[in-house]
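First the structure, in the form of structure tokens, and then the observations on it.
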Amino acid sequence: MRDPGPRLTNLAVLGLLAAAIVTGALNFAIGTGWVAWPTVAHGIAGLGLVVLAGAKLRIVRRGLSVHTTASALPSVLLGVLIVAAVVTGVLHATGLVVRYGPLDDMQVHVGAALLSVPLAAWHVVARETYPRTRDLSRRNLVRSAVLIGASGALYAAMEGAAAAARLRGRDRRATGSFEEASHRPEEMPATIWLFDEAPPETEGPWTVAVTSHRDAAWFLTADDLDAAADGVTAVLDCTSGWWSEQDWSGTSLGRLVRGMPPDTRSVVVRSATGYARRFPIRDLDRLLLATRYEGRALARRHGGPVRLVAPGRRGFWWVKWVDAIHFSDVPWWRQPPYPLT
């Protein structure tokens, strides 16, 4: 098929990059169920960039011969970041590399992708890479179908190769995460979201304040929560690219809802660090204020003495060092999809 030309190739690259970022965001947001679909779509979008690499390289060569080094630098940096995101994604998916010193492969992958966003926006404006009505021609639709088909075939080949070679990637979860230290909590990784920091050690009993939008309030200690001995076996699936199953015990949030105002619509679980997430009331019986895992007290690095266990949700929902529960009349979705700190 004839080369579509620089503008259409650039549009395809930017479209695939946007698709990869959107599906990656969905993958982070979903912990179970249909998460496999955005995961596969994410992989196909990323490998589509590999399929277009030859055509894009020809454009880069022509551009470097026309533009000055200064004007070409943002485009070159964008290319480097996209290559880094694709390479680290493939290495993670196959399980060939999962860490780079202190950084997880997934952290490098996501970081490169996010840094590419402002450069991609610059590229659209500076190079006037805008879609046009005539782009929706039969020929371009066929080209798009061929691109997606080739990307899908490459994805299937990669998965098949990982299985045939018995690479670690064949055993990853639908989210793309790898198993770490299930039922061995002392070996489980300890991670924290973005700029949050572990709170300092405190003297005396740890307390959790329970309040509502009607000003009802009472306090529970970690020992009170431990005494209920509600339990669940649940998977903590971290967006850093690992998952771990443990037996958790403590107090179900369903026990705390009794006596709450009838117009209660959500519950906010807050950490001693100020970090917080809001949940729908219908999830209360599935949420656990855990004080123990595998029969032993939670380690401080894992959120002890009290952390939230939220089965089916990714790790950033599992609030550590819980010191407050607030029942609210605000809908649960009235919050950023991802914590901002």
Interatomic distance, Cys238 atom SG to Trp193 atom CH2 [nearest 0.5 angstrom]: 8.5 Å
Non-hydrogen side-chain atoms of Leu298 and Trp321 separated by less than 4.5 Å: no
Ser266 side, atom OG; His326 side, atom NE2 - distance, nearest 0.5 Å: 7.5 Å
Side chain to side chain donor-acceptor pair (under 3.5 Å) partners of Asp224, counting only residues at least two apart: Thr221
All pairs passing salt bridge (Lys or Arg N to Asp or Glu O under 4.0 Å) where residues 177-186 contributes a residue, at least two apart: Arg168-Glu180, Arg184-Glu187, Glu186-Arg296
Face-on cation placement of Arg278 at Trp332 ring, 6.0 Å and 45° thresholds: no
Connected hydrophobic set around Val268, excluding itself, where side chains approach under 4.5 Å: none
Members besides Val235 in its Ile/Leu/Val/Met/Phe/Trp/Tyr cluster (side-chain heavy atoms under 4.5 Å): Trp243
Qualifying residue for ring pair (Phe, Tyr, Trp, His ring centres under 6.0 Å) with Phe316, from Tyr275, Phe28, Tyr338: Tyr338
Hydrophobic cluster membership, Val269 vs Trp206, 4.5 Å side-chain cutoff: yes
Joint hydrophobic cluster, Val40 plus Val35, side-chain heavy atoms closer than 4.5 Å: no
Residue pairs involving residues 288-315 (criterion ring-ring contact (aromatic ring centres under 6.0 Å, His included); sequence neighbours excluded): Trp248-Tyr293, Tyr293-His302
Contact list for residues 229-242, test salt bridge (Lys or Arg N to Asp or Glu O under 4.0 Å), sequence neighbours left out: Arg173-Asp237, Asp230-Arg255, Asp237-Arg314
Non-neighbouring partners of Asp226 that pass side chain to side chain donor-acceptor pair (under 3.5 Å), sequence neighbours left out: Thr291, Arg292
Show me the side-chain donor-acceptor pairs of residues 15-25 shorter than 3.5 Å, one per line, residues at least two apart or across chains.
{"from": "Thr23", "atom 1": "OG1", "to": "Ala19", "atom 2": "O", "distance (Å)": "2.7"}
{"from": "Thr23", "atom 1": "OG1", "to": "Ala20", "atom 2": "O", "distance (Å)": "3.2"}
{"from": "Thr23", "atom 1": "OG1", "to": "His42", "atom 2": "ND1", "distance (Å)": "3.3"}

Co-members of the apolar cluster containing Tyr100 [side chain, <4.5 Å]: Val83, Val87, Leu91, Leu96, Val97, Leu103, Val108, Leu167
Test item: side-chain donor near acceptor, Asn10 and Arg7, under 3.5 Å: no
Value rounded to 0.5 Å, distance of CG in Leu14 from OG in Ser116: 9.5 Å
Partners meeting side chain to side chain donor-acceptor pair (under 3.5 Å) with Thr207 (sequence neighbours left out): none
Cluster overlap Ile192 with Val309, hydrophobic side-chain contacts below 4.5 Å: yes
Thr133: partners by side chain to side chain donor-acceptor pair (under 3.5 Å), with sequence neighbours left out: none
Distance (rounded to the nearest 0.5 Å) between Ile44 CD1 and Ser151 OG: 7.5 Å
Short side-chain to backbone donor-acceptor contact, Gln335 and Phe279, under 3.5 Å: no
Check: Thr211 and Ile325 side chains under 4.5 Å, non-hydrogen atoms: no
Pairs meeting criterion side chain to side chain donor-acceptor pair (under 3.5 Å) with involvement of residues 76-98, two or more places apart: Thr88-His109
Inter-residue atom distance Leu141.CG - Asp135.CG, 0.5 Å rounding: 10.0 Å
Co-membership, hydrophobic cluster, residues Val117 and Leu81, 4.5 Å side-chain: yes
Salt-bridge contact Asp329-Arg265 (side-chain N to carboxylate O under 4.0 Å): no
Side chains of Asp247 and Thr233, donor plus acceptor under 3.5 Å: yes
Linked, directly or transitively: Val208 and Trp218 (ILVMFWY side chains, under 4.5 Å): yes
Between CD on residue Glu294 and CD on residue Gln246, distance to nearest 0.5 Å: 5.0 Å
